[in-house]
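Taking it in order: structure first as structure tokens, then the write-up.
Residues: numbered from 1 along the sequence shown. All values below come from the heavy atoms of this structure, side chains included, with hydrogens, waters and symmetry mates left out.
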Amino acid sequence: MLLLTGKDLRSEVRGKEIAPLMVLFGLILVFLFTLDFPPGAGRAPIPPPTAGGVGSRDLAGAFLWVCLLFAGILGFGRSAAMEREGGRIEGLLLAPVDPAAIFAAKALANFLYLWVVELVLFPAFVLFFDVSPGTLLPGILLVALVANIGLASAGTLFGAASQYVRARELVLPLVLFPVVLPLIMGAERLTASLLTGGGLASQGQWFMLLCTFDLVIPAIGAAVFEYVVNE
């Protein structure tokens with residue numbers, strides 16, 4: 001598995017076809033979202049809780065994860081397309097390698113691409129949204145670690161499946177959004193809790209949901225990956 005992941009990463013270092021595009025796209029989205037974000041709202045005093053109320057800090061968490069989701073979809077699609085071009089995935093399936101290991105290798109590569117994007121987007125998010133870094137670290141790194149596993153696994157599976165249908169660029173987000181929506185909601189609620197001083201403990205049910213994703217989605221992906229790419 002690690003050898004396959006290393007092959008993908010070396011190919012990316014040479015070609016630079018995935019991670020730079022994801023980073024650039026994510027930065028553009030973060031910048032666009034800041035246009036409607038009140039200047040200094042990230043450092044404004046935390047408002048008292050109101051029933052059904054949504055503050056600017058709650059929206060900031062949603063903006064961050066929407067940016068990461070769209071940047072991730074761009075990378076998942078491109079990563080799967082590169083495997084399909086030239087019949088690379090078919091060649092891997094003909095080799096004496098467990099298809100589950102191929103899926104795990106692709107998911108690990110996508111997991112690392114997400115981290116590259118986040119290592120750039122998190123500082124940009126702090127800068128553009130005027131958020132205090134102390135309110136995010138290290139909680140946001142833990143949320144990203146847990147969320148990235150489920151997101152990369154689902155993106156790898158549906159990215160591979162979308163390559164065998166027409167209008168694959170449109171199909172991937174259409175099938176991926178409903179699946180990862182609870183995961184994105186959980187990551188957004190945990191991030192909003194960090195921004196509003198609530199910490200992760202107050203949103204323990206969302207953290208457990210993300211952990212459940214990390215167990216279920218990779219297991220499903222490993223079990224059905226061979227069937228998906230062969231069909």
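- For the pair Phe103/Asp98, no side-chain contact is recorded, criterion being any heavy-atom separation below 4.5 Å from C-beta on.
- Separation of atoms CG (Leu69) and CD1 (Ile73) is listed at 4.0 Å; rounding is to 0.5 Å.
- Both Ile102 and Ile220 sit in one connected hydrophobic cluster of ILVMFWY residues. Membership requires side-chain heavy atoms under 4.5 Å apart, directly or through other members.
- Pairing each heavy atom of Met22 with each of Ala71, the nearest pair is CG-O, 3.4 Å.
- At least one side-chain heavy atom of Phe76 sits less than 4.5 Å from a side-chain heavy atom of Leu151.
- Applying the ring-ring contact (aromatic ring centres under 6.0 Å, His included) test to every pair with at least one member in residues 172-197, sequence neighbours left out, gives these pairs: Phe70-Phe177.
- Hydrophobic clustering of Ile, Leu, Val, Met, Phe, Trp and Tyr side chains at less than 4.5 Å, counting indirect connections, keeps Leu170 apart from Val175.
- Distance check, rounded to the nearest 0.5 Å: CG of Leu108 to CZ of Phe111 gives 7.5 Å.
- Val120 and Leu127 fall within a single hydrophobic cluster, where Ile, Leu, Val, Met, Phe, Trp and Tyr are joined by side-chain heavy atoms under 4.5 Å apart, directly or via other members.
- Ala154 approaches Val180 most closely through the heavy-atom pair CB-CG1, 3.8 Å.
- At least one side-chain heavy atom of Ser11 sits less than 4.5 Å from a side-chain heavy atom of Met82.
- Here the straight-line distance linking atom CG of Leu29 with atom CZ of Phe33 works out to 6.0 Å at 0.5 Å rounding.
- Between Gly150 and Ile217, the shortest heavy-atom contact is O-CG2, 4.0 Å.
- The two atoms that bring Leu183 and Leu210 nearest to each other are O-CD1, 3.7 Å, heavy atoms only.
- Taking each heavy atom of Thr191 and Gly61 in turn, the nearest pair found is CG2-CA, 3.9 Å.
- A 4.5 Å side-chain heavy-atom check between Val30 and Leu121 finds at least one atom pair inside the cut-off.
- The shortest distance between side-chain heavy atoms of Glu188 and Val66 does not fall below 4.5 Å.
- Note: the hydrophobic cluster containing Leu142 does not contain Met208 (ILVMFWY, side chain heavy atoms under 4.5 Å, direct or indirect links).
- With a 4.5 Å cut-off on side-chain heavy atoms, Phe122 and Leu68 count as touching.
- With contacts defined as side-chain heavy-atom distances shorter than 4.5 Å, the pair Leu190/Ile140 does not qualify.
- The backbone N or O of Phe158 lies less than 3.5 Å from a partner atom in the side chain of Ser162, making a donor-acceptor pair.
- Residue Arg189 is tested with Trp65, Trp206, Phe207 for a side chain to side chain contact (heavy atoms under 4.5 Å, CB included); the sole match is Trp206.
- A donor-acceptor pair under 3.5 Å is absent between the side-chain atoms of Thr5 and the main chain of Ala109, judged by distance alone.
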Audit row: Leu27, Phe125, side-chain contact (heavy atoms from CB on, under 4.5 Å) steps and yes/no: CA-CA 9 Å; Leu27 286 174; Phe125 176 78; over 6 Å; no
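- A donor-acceptor pair is defined here as one N or O able to donate and one able to accept, closer than 3.5 Å; such a pair exists between the side chain of Glu12 and the backbone of Ile18.
- Leu157 and Leu174 fall into different hydrophobic clusters, where Ile, Leu, Val, Met, Phe, Trp and Tyr side chains are chained together by heavy-atom contacts under 4.5 Å.
- No side-chain heavy atom of Val146 sits less than 4.5 Å from a side-chain heavy atom of Phe213.
- Listed by first and then second residue, the side chain to side chain donor-acceptor pair (under 3.5 Å) pairs involving residues 138-153 are Glu118-Asn148 (not counting sequence neighbours).
- Closest heavy-atom contact between Leu114 and Gly72: CD2-CA, 4.0 Å.
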